[in-house]
Amino acid sequence: MKRRRAVLDSIDEAIVRELRKDARLQNKDLAERVNVAQSTAVVRHRALRERGVITGYHAEIDPNAIGQHVQAMLAVKIRPHTKEIVDPFMAYVLGLPETLALSHVTGPEDFLVHVAVSDVGHLQRLVLDKFTSRREVTEVHTNLLFSHVRKH
């Protein structure tokens, strides 16, 4: 089911913009940055969560700091490309500890999988043991990332 686009006014947009910069922002600081009363910021923030605009919070981790020195983008093709295969495959990939992000895409490949691993040997084992060994996977193209910068 396709979700409808949420209607956001300028205050909601400002709250979302500030929380994208820092999800740990305290309410008093959020209220100050968007120029509203603290009580207004609390109510608006809660409403954004309830409406599904804000879906969660997470910690941004530097992969290098935890020994994941190699990042790659895996372009994966599966067959048959049906819901009965796609949904379990996505759940499987998201369950792998090396997976940072997963995108279901159009084009020659079906998925782009952003992974972080300790070294090239780990990447090779991941591709061979966790991807190409699966019956539905017909191709995997591996692209090493020289750098990765996430827009904040």
Side-chain angles (χ1 to χ4, degrees), residues 1-6 8 12-30 32-34 41-42 44-152:
M1 173 191 269
K2 188 175 179 180
R3 287 184 56 116
R4 297 173 107 184
R5 186 179 189 279
L8 304 178
D12 290 338
E13 288 175 352
I15 289 171
V16 168
R17 183 175 50 253
E18 293 302 324
L19 290 174
R20 274 186 166 163
K21 292 178 194 173
D22 183 1
R24 296 180 58 179
L25 198 58
Q26 292 184 4
N27 185 63
K28 65 182 177 86
D29 297 325
L30 177 62
E32 184 178 301
R33 289 186 188 183
V34 301
V42 167
R44 293 292 193 107
H45 190 176
R46 182 181 308 121
L48 288 166
R49 286 193 315 266
E50 290 171 354
R51 291 168 47 203
V53 174
I54 297 173
T55 59
Y57 306 90
H58 72 279
E60 187 78 23
I61 308 298
D62 177 3
N64 284 308
I66 59 172
Q68 296 176 323
H69 303 292
V70 175
Q71 292 186 50
M73 201 59 91
L74 308 180
V76 182
K77 186 182 289 188
I78 63 168
R79 290 295 173 262
H81 191 198
T82 63
K83 185 166 182 53
E84 295 77 26
I85 300 297
V86 166
D87 290 347
F89 180 76
M90 289 178 70
Y92 169 77
V93 171
L94 289 170
L96 296 172
E98 296 90 349
T99 300
L100 299 178
L102 169 66
S103 298
H104 187 194
V105 298
T106 65
E109 288 86 17
D110 300 310
F111 296 96
L112 294 177
V113 186
H114 183 186
V115 299
V117 294
S118 58
D119 54 39
V120 176
H122 184 174
L123 178 61
Q124 181 185 30
R125 289 187 304 279
L126 176 68
V127 170
L128 294 176
D129 297 343
K130 304 293 183 179
F131 285 89
T132 61
S133 63
R134 293 186 60 90
R135 194 172 348 147
E136 71 270 28
V137 173
T138 62
E139 290 181 34
V140 177
H141 297 256
T142 305
N143 297 285
L144 287 176
L145 300 180
F146 291 132
S147 64
H148 172 72
V149 179
R150 184 169 176 263
K151 179 182 174 184
H152 292 282

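More than 12 heavy-atom neighbours from other residues, nucleotides or ligands sit within 6.0 angstrom of CD on E13.
You'll find the side chain of D110 reaches within 4.5 Å of the side chain of R79, heavy atoms only. By the 4.5 Å heavy-atom criterion applied to side chains, V86 and H81 are counted as neighbours. Contact annotation: the side chain of R49 approaches that of Y57 to within less than 4.5 Å [non-hydrogen atoms, C-beta and beyond]. Side-chain contact between H114 and L145 is present, with heavy atoms from C-beta onward closer than 4.5 Å. Looking only at side-chain heavy atoms (C-beta outward), L8 and L48 come within less than 4.5 Å of each other.
For the atom pair H148 NE2 and L100 CG, the distance stands at 7.0 Å (nearest 0.5 Å). Atom CG of L96 sits about 6.5 Å away from atom CG of L126, to the nearest 0.5 Å. In this structure, T132 OG1 and E139 CD are separated by 12.0 Å, a value rounded to the nearest 0.5 Å. To the nearest 0.5 Å, atom CG of residue D22 and atom CZ of residue R33 are 6.5 Å apart. Atom CD of residue E136 and atom CD of residue E84 lie 12.5 Å apart, to the nearest 0.5 angstrom. M73 contributes atom CE, which lies 8.5 Å from atom CG of N143 (distance to the nearest 0.5 angstrom).
Closest non-hydrogen pair, P108 versus K77, comes out as O-CE, 2.8 Å. Contact detail for F131 and V93: the closest heavy-atom pair is CE2-CG2, 3.8 Å. Summarising the geometry of I85 relative to P88, their closest heavy-atom pair is O-CD, 3.4 Å, with the distance given to 0.1 Å. Of all non-hydrogen atoms in D12 and R51, the two that sit nearest each other are OD2-NH1, 3.5 Å. Of all heavy-atom pairs spanning A41 and N27, the tightest one is CB-OD1, 3.2 Å. I15 and V34 get closest at one heavy-atom pair: N-CG1, 3.8 Å.
Salt-bridge check for D129 with R125: failed, with every basic side-chain N at 4.0 Å or more from each acidic carboxylate O.
Using modelled atom types, no side-chain atom of T99 and backbone atom of L94 make a donor-acceptor pair closer than 3.5 Å.
For the residue pair H122 and H69, no side-chain donor N or O sits within less than 3.5 Å of a side-chain acceptor on the partner.
Both tests pass for R134 against the ring of Y92: distance under 6.0 Å to the centre and angle within 45° of the axis.
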